[in-house]
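Inspection log for the structure reproduced underneath, given as structure tokens.
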Amino acid sequence: MSAFAAVTSGYVSPVIVKGESNVGGILKKSVDSNLNSFANLGGNGYITYQIPSGSSSMKIHLRSSISSEDTASYRIVFSNSQGTVWDSGNKKVYSSLVSYDFNIPSTATVVTVYSTSYKDYYALLVHEVEMTVPIDKTPPHEVTNLVTSSSYNHITITFNQPADSDYAGTRVYVNGVLVETLGSTITSYRLTELKPNTIYNIKITTFDTSNNESDGITTLVKTLPPPDVTNLNLFPSDYSILAKWINPDDSGFLGNDLYLDGKIITSLDKNATTYTFTDLSPNTSYTVKIVSKYSGGYSSSGQTATTKTTIPVEDITDLQADAKYDRVKLSWALPEHSEFFSHVKIYRKKLEQQSFWDQLFGATAVSAATTSDGYTPMFETNGTYWTDLTVTPDTTYAYKVTSVNIEGNESQGVTIKTKTPSEPAPVLTGVATTQNENGDYIVTWTSPTKGSVKVLIGGKKYTVVDAASQQVMIKKEDMKTDFFGGYDAKLVPVGQFGTEGQAVQVPAVGKKIEFPITFDDFMKTVVNILSWAAPLILVLFVFIFWRPFIVFLRKTIFVKGGRMKS
């Protein structure tokens with residue numbers, strides 16, 4: 001016969017070896033795991049049960065078959081092949097169902113339950129006999145494929161459970177302390193609220209349905225430091241640094257503290273990913289550090305980056321232009337941070353007035369040296385002024401002056417417009433005439449020394465010479481005289497740009513002509529004198545000629561007899 005599962009947890013129904021009932025009771029009902037059924041042993045029946053190896057206790061459920069003060073009785077005898085090991089003696093049993101517990105002697109192999117009532121109507125009813133299950137102390141196998149992963153405040157554990165049929169679950173220990181018991185279907189666990197950058201001793205054990213626990217698998221896991229920002233990039237300019245980064249993707253992240261060269265500058269919330277450090281010195285190295293903050297009061301070790309501010313390219317200031325007909329002088333003030341200044345570049349653009357149709361359809365010729373904005377490079381200097389000697393009179397020019405730093409970077413530049421005045425008419429002075437040994441006439445002058453001098457003889461061009469030579473020779477046979485016996489020869493000064501001055505009579509030999517004023521000034525003086533004297537002259541003529549004038553009028557207007565002419 002096979003043992004059945006008992007009605008009491010931790011027990012099994014034993015196997016019946018032999019027995020009899022003088023009232024015909026069904027013996028196997030004492031081991032059918034049902035308290036509602038029973039084996040009736042009558043007044044002197046018995047049942048012998050096999051004790052499972054290793055069982056230490058027995059529970060028996062008994063009652064009397066009658067409800068009276070008269071009671072049935074029973075006797076328990078533990079024995080082995082050598083004989084009786086222990087005998088309980090006669091014990092009373094009553095009409096109510098009661099369970100009785102007995103310790104099983106270690107040497108006993110069988111136990112017999114006797115009815116000792118001796119009267120059949122005092123029948124002993126055996127409802128159930130149970131014995132403890134032999135304890136299996138072998139624990140289930142360990143978990144396999146134990147894998148851990150960590151962040152700064154938690155550790156995640158995953159594993160494969162053993163295939164043991166009696167496997168009931170796992171237990172998780174941290175630093176020797178049980179923190180969680182997991183069921184047989186759970187294969188992962190997460191330890192939370194841990195300290196960052198800390199080593200934890202983690203042990204995973206298995207246990208079975210009898211609570212037998214394995215030795216476990218132990219692993220050391222270190223939590224990470226709180227994460228820093230990533231992709232920290234610095235973008236320097238001359239007086240500032242722009243920082244950009246990506247914030248940690250962690251629920252406990254609160255924000256960042258920003259440091260510059262070890263000094264905290266500002267604190268930003270978790271949404272900020274850029275910041276500009278200002279008021280910095282140019283051409284200087286700076287170290288930026290970003291420390292991330294987390295709930296629980298934790299901070300990261302910090303992400304750092306170093307960069308150097310650039311060398312500024314500053315424009316010149318106070319650009320001035322002084323225009324003459326033959327030159328334009330530019331002057332300026334150097335940039336404020338002169339230690340980074342190298343030189344200036346000067347560009348020029350000629351501005352000409354164009355008609356509407358020229359602006360609409362005309363083309364502009366640009367030389368290879370001309371920049372895209374129409375300026376032509378002219379000069380480079382590290383000074384504070386420059387004179388343009390290549391201008392023409394009555395012309396508008398635009399100048400651009402850029403600044404170049406010691407790294408060769410060029411500024412946008414400062415521009416100015418100016419217009420040259422018209423060329424003034426040149427004036428001959430210090431004109432004198434001499435003759436050489438051949439009798440030719442040598443005419444000299446002291447000024448001008450620029451441009452040219454045109455010689456007219458008899459009103460016709462004789463020759464043109466460079467004014468800088470300050471003399472011209474007229475052959476004696478080419479010289480003519482006028483009505484009054486003077487030389488019929490004149491000198492006409494011509495400016496650099498073709499403007500002619502007042503003609504000057506060539507003086508006789510040994511004489512010199514000086515002109516303290518120009519011809520225009522002379523004519524203006526004559527006109528002013530005439531405008532002042534003319535009224536007085538008219539009044540004088542009236543006083544002298546008034547009588548003849550009246551007579552003339554009468555003769556002209558009236559006829560004889562006092563009649564007016566028709």
Side-chain angles (χ1 to χ4, degrees), residues 1-137 166 209-210:
M1 299 178 67
S2 301
F4 297 93
V7 296
T8 304
S9 177
Y11 288 79
V12 295
S13 298
V15 175
I16 298 175
V17 177
K18 61 182 178 177
E20 66 178 39
S21 171
N22 59 353
V23 293
I26 302 174
L27 302 183
K28 67 180 181 179
K29 288 188 175 180
S30 67
V31 291
D32 63 358
S33 301
N34 185 357
L35 286 179
N36 293 321
S37 62
F38 55 85
N40 190 345
L41 296 185
N44 56 3
Y46 74 95
I47 305 175
T48 300
Y49 302 94
Q50 179 71 45
I51 300 175
S53 177
S55 295
S56 60
S57 63
M58 179 183 73
K59 186 183 291 292
I60 185 168
H61 303 268
L62 304 174
R63 71 181 178 88
S64 173
S65 62
I66 59 174
S67 298
S68 67
E69 292 187 4
D70 294 327
T71 60
S73 61
Y74 71 94
R75 178 182 173 193
I76 303 295
V77 177
F78 290 97
S79 60
N80 54 29
S81 59
Q82 304 299 321
T84 300
V85 176
W86 183 81
D87 189 337
S88 67
N90 291 334
K91 300 287 183 182
K92 297 288 185 182
V93 63
Y94 301 92
S95 60
S96 59
L97 182 62
V98 178
S99 63
Y100 302 91
D101 290 306
F102 295 92
N103 292 326
I104 299 176
S106 60
T107 59
T109 58
V110 295
V111 60
T112 302
V113 179
Y114 294 97
S115 172
T116 58
S117 302
Y118 301 112
K119 293 181 180 180
D120 292 338
Y121 54 84
Y122 291 137
L124 177 66
L125 306 180
V126 181
H127 283 255
E128 198 73 27
V129 174
E130 304 170 309
M131 295 183 186
T132 55
V133 179
I135 298 176
D136 181 6
K137 295 185 179 181
D166 59 348
T209 54
S210 299

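Below, each value reflects all heavy atoms present in this structure, side chains not excepted, and no hydrogens, waters or symmetry copies.
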**Asked** Hey, does the side chain of S13 reach the backbone of D32 with a donor-acceptor pair shorter than 3.5 angstrom?
**Response** no

Identify all side-chain donor-acceptor contacts of residues 97-106 below 3.5 Å with residues at least two apart in sequence or on another chain.
| unit_1 | atom_1 | unit_2 | atom_2 | d |
| --- | --- | --- | --- | --- |
| D101 | OD1 | K59 | NZ | 2.8 |
| D101 | OD2 | K59 | NZ | 3.2 |

**Request:** Give a yes or no answer on whether the side chain of S21 reaches the backbone of G45 with a donor-acceptor pair at less than 3.5 Å.
**Result:** no

**Asked** OH/Y114 to CD1/I76 distance, rounded to the nearest 0.5 angstrom?
**Response** 10.0 Å

**Prompt:** Under a 4.5 Å cut-off applied to non-hydrogen side-chain atoms, are V129 and P14 in contact?
**Reply:** yes

**Message:** Return the OG to CG distance between S64 and L124, rounded to the nearest 0.5 Å.
**Reply:** 8.0 Å

**Message:** Among L27, N22, V23, which residue satisfies the side-chain contact (heavy atoms from CB on, under 4.5 Å) criterion with N40?
**Reply:** V23

**Item:** Intermediate values then yes/no, side chain to side chain contact (heavy atoms under 4.5 Å, CB included), K91 and Y74
**Value:** CA-CA 5 Å; K91 300 287 183 182; Y74 71 94; 3.2 Å; yes

**Prompt:** Hey, is the main chain of S37 close enough, under 3.5 Å, to the side chain of H127 for a donor-acceptor pair?
**Reply:** yes

**Asked** Under 3.5 Å, side chain of T48 to main-chain N/O of G19, donor-acceptor pair present?
**Response** no

**Short side-chain to backbone donor-acceptor contact, N80 and T107, under 3.5 Å** = yes

**Item:** Of L125, V7, V126, the residue whose pairing with H61 passes side-chain contact (heavy atoms from CB on, under 4.5 Å)
**Value:** V7

**Asked** Say you draw a straight line from OG1 of T109 to CZ of F78; how long is it, rounded to the nearest 0.5 Å?
**Response** 11.0 Å

**Message:** On a heavy-atom basis, which atom in L41 and which in V113 lie closest, and how many Å separate them?
**Reply:** CD1-O, 3.8 Å

**Identified side-chain contact (heavy atoms from CB on, under 4.5 Å) partner of Y49 from the options T112, I60, V31** = V31

**Request:** Could you tell me whether the side chain of E128 and the main chain of A6 form a donor-acceptor pair under 3.5 Å?
**Result:** no

**Asked** So do the side chains of T132 and Y11 get within less than 4.5 Å of each other, counting heavy atoms only?
**Response** yes

**Crowding at CD1, I26 (>12 non-hydrogen neighbours, <6.0 Å)** = no

**Fill in**
Interatomic distance, CD@E20 vs CG@N44, rounded to 0.5 Å, equals 7.5 Å

**Request:** Show your reasoning for whether side chain to side chain contact (heavy atoms under 4.5 Å, CB included) applies to Y46 and K18.
**Result:** CA-CA 8 Å; Y46 74 95; K18 61 182 178 177; 4.1 Å; yes

**Item:** Atom pair OG/CG of S79 and D87 - distance to nearest 0.5 Å
**Value:** 10.0 Å

**Asked** Out of curiosity, I16 CD1 to S30 OG, how far, rounded to the nearest 0.5 Å?
**Response** 4.0 Å

